[in-house]
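All chains are named by letter (A, B, ...) in the order of the sequence lines, taking the proteins before the strands, and each is independently numbered beginning at 1.
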Number of protein chains: 2
Amino acid sequence: MDKLSPVDLSTLHERVYSRLREAISQGDFVPGEVLTIRTVAASLGTSSMPVRESLRRLVAEKALVQLANRSIAVAPFDLALFGELIRIRMAIESMATRYAAQKRTPELISRLTELNERMKAAVHDKDVEALLDSNKTFHFTIYAAAEMPQLFEIIQGLWLRTGPYLRAAYRSVPGAERHFLDGTRVHARVIQALEAGNAQRAGANIALDIGFTARRFGPMIAQLYGKPDESAQTTVA
Amino acid sequence: MDKLSPVDLSTLHERVYSRLREAISQGDFVPGEVLTIRTVAASLGTSSMPVRESLRRLVAEKALVQLANRSIAVAPFDLALFGELIRIRMAIESMATRYAAQKRTPELISRLTELNERMKAAVHDKDVEALLDSNKTFHFTIYAAAEMPQLFEIIQGLWLRTGPYLRAAYRSVPGAERHFLDGTRVHARVIQALEAGNAQRAGANIALDIGFTARRFGPMIAQLYGKPDESAQTTVA
DNA sequence: ATCTGTGATGCGTGATCACACATAAAACTA
DNA sequence: TAGTTTTATGTGTGATCACGCATCACAGAT
């Protein structure tokens, strides 16, 4: 009687959480959009209880923010905050890369080169979604190799907060693929440094990768999703 | 008509959250202890609803863990995890210190020297509680000076997870004050480096401070709170 | 024309309940 | 007596409801 595959025994609020997290991560919501419990519950076909807990968890992870009204909204874009997060990401992700360099294996190198090839192909095909996915996978493959689960989760939290903006920018900037052609070159240098066991150079290039894309798309994001006053300033200036 | 001070408009689950967080941070619970919703609710005089949300938030912040049974417990001590958190703390907090060095002011230097004097006095008085508080305040005064709120909150999260163990160790190790005599000396070097604007040296000394205390008390914690198998291994070895 | 009180509506918050599952004590069988 | 089944207790989960607060539109007053 072992014909039965194991049933999904996750709780409802876990599934709701995953769905919401995925949606936020992919930039499906516009920054600042208010999420009401009842509405989300209705559209997901559940009661409000699981939605409440999911929203509160996402607020704790700072993917969502709680307004003074006590309503919950997608984190609005803030250029200063974005800049700080990028600086933190540069420091933390290059640290993870340095650790990964110490634990490198031939398998890691070959997997990374393969992922970078896939990314080049996505650039050629102008397939934005595949591009973003291969880029993300490339980075997280390195961070996983560091074998520091806590650090890995911190990085995941940071991607959850910066990812949506970058995805939105990529999608709306015409010819954004060109930028990633340079990205694959930086990735190649990362692979090279990892293979040589040069932790410093590998980490520096990861930081370069992050900082470069942020500088390239940051102002674009501010224009897309900036607060009224910010965009007003931009328009005036 | 400005005689009226603003009333407290926090929600119940926020207050419950604060209470629990404070209790965890001070090591009032023993690692691994199971917290049942109904029990906590009863002892706090509320219904289960605010407790549920607080517990879930603390799980999201990894101060508590969710067991396979779905019950929620205080995070048990795990030496490998503790070691990783310390390594992360060394990297991140020294980074924050380097940023603080760039934004140093005379007021910061004088406040830090004052805090360090208070810490010396606590060592002399063998006042463990005052010792821990002045130490924590010293560190966070530096991190606040970096003016990177997101980084500050990440560090707070890391202290929430390593703090309880260290506090417990300090309290149970006889003559733990002696260790902090060395701590004040390291702190003095941090102040010196900050005053001189030597970001690298300031950061390195903060890392030294963290790593040193962790190495000093880590094994002690393992013996106090380690899992049965771990402590058995320790006893055998 | 501007400001202010009033009502309606929608939402978050917290209490309560029914249910399912886990654990362990108790009863039963071999 | 040892192993197995049954029962009982307790706990998390999710649904539902009552309440209070925030927001907005509208009407009346200044």
> Step by step, would you call A:E129 with A:Y170 a side-chain hydrogen bond (donor to acceptor under 3.5 Å, both in side chains)?
Replying inline: CA-CA 9 Å; A:E129 225 54 43; A:Y170 299 152; over 6 Å; no
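A close approach under 4.0 Å does occur between a side-chain nitrogen or oxygen of A:H13 and OP1 or OP2 of D:dG14. Dashed line: the shortest gap from a side-chain N or O of B:R56 to OP1 or OP2 of D:dT13 is under 4.0 Å. Contact check, B:Q66 against D:dT11: no side-chain N or O comes under 4.0 Å of OP1 or OP2. The phosphate of D:dG12 has neither OP1 nor OP2 within less than 4.0 Å of any side-chain N or O from B:N69.
Projected onto DNA chain D by closest heavy-atom contact, B:L9 and A:T46 fall at different nucleotides, the more 5' of which corresponds to A:T46. DNA chain D is contacted by both A:R70 and A:P50; A:P50 maps to the nucleotide lying nearer its 5′ end (nearest heavy atom per residue).
Chain A approaches DNA chain C over the interval C:dC11 to C:dG14, counting the first and last nucleotide 5' to 3' with an atom under 4.0 Å from its heavy atoms.
Looking at residues 28-44 of chain B, you'll see B:L35, B:T36, B:I37, B:R38 sit with a heavy atom under 4.0 Å from some atom of DNA chain D.
The two residues A:A75 and A:Y165 have their closest heavy-atom pair at O-OH, 2.9 Å.
No hydrogens or angles considered: a donor-acceptor pair under 3.5 Å links the side chains of B:R56 and A:H13.
D:dG14 atom C1' lies 8 Å from atom CD of A:E53, rounded to whole Å. Protein atom CG of A:L12 is 9 Å distant from nucleotide atom C1' of D:dT13, rounded to whole Å.
Aromatic ring orientation, B:F140 versus B:F152: perpendicular (interplanar angle above 60°, classes split at 30° and 60°).
Side-chain contact between A:E53 and B:R52 is present, with heavy atoms from C-beta onward closer than 4.5 Å.
Within 6.0 Å of CZ on A:R19 lie no more than 12 heavy atoms contributed by other residues, nucleotides or ligands. Other residues, nucleotides and ligands contribute at most 12 non-hydrogen atoms within 6.0 Å of the CZ atom of B:R118.
One finds the CG atom of B:L151 at 11.0 Å from the CD atom of B:Q156 (value rounded to the nearest 0.5 Å).
Cation-pi check for A:R87 over B:Y99 is met; the charged atom lies under 6.0 angstrom from the ring centroid and within 45 degrees of its normal.
Residue B:E14 is classed as having no contact, given no heavy-atom separation below 4.0 Å to the nucleic acid.
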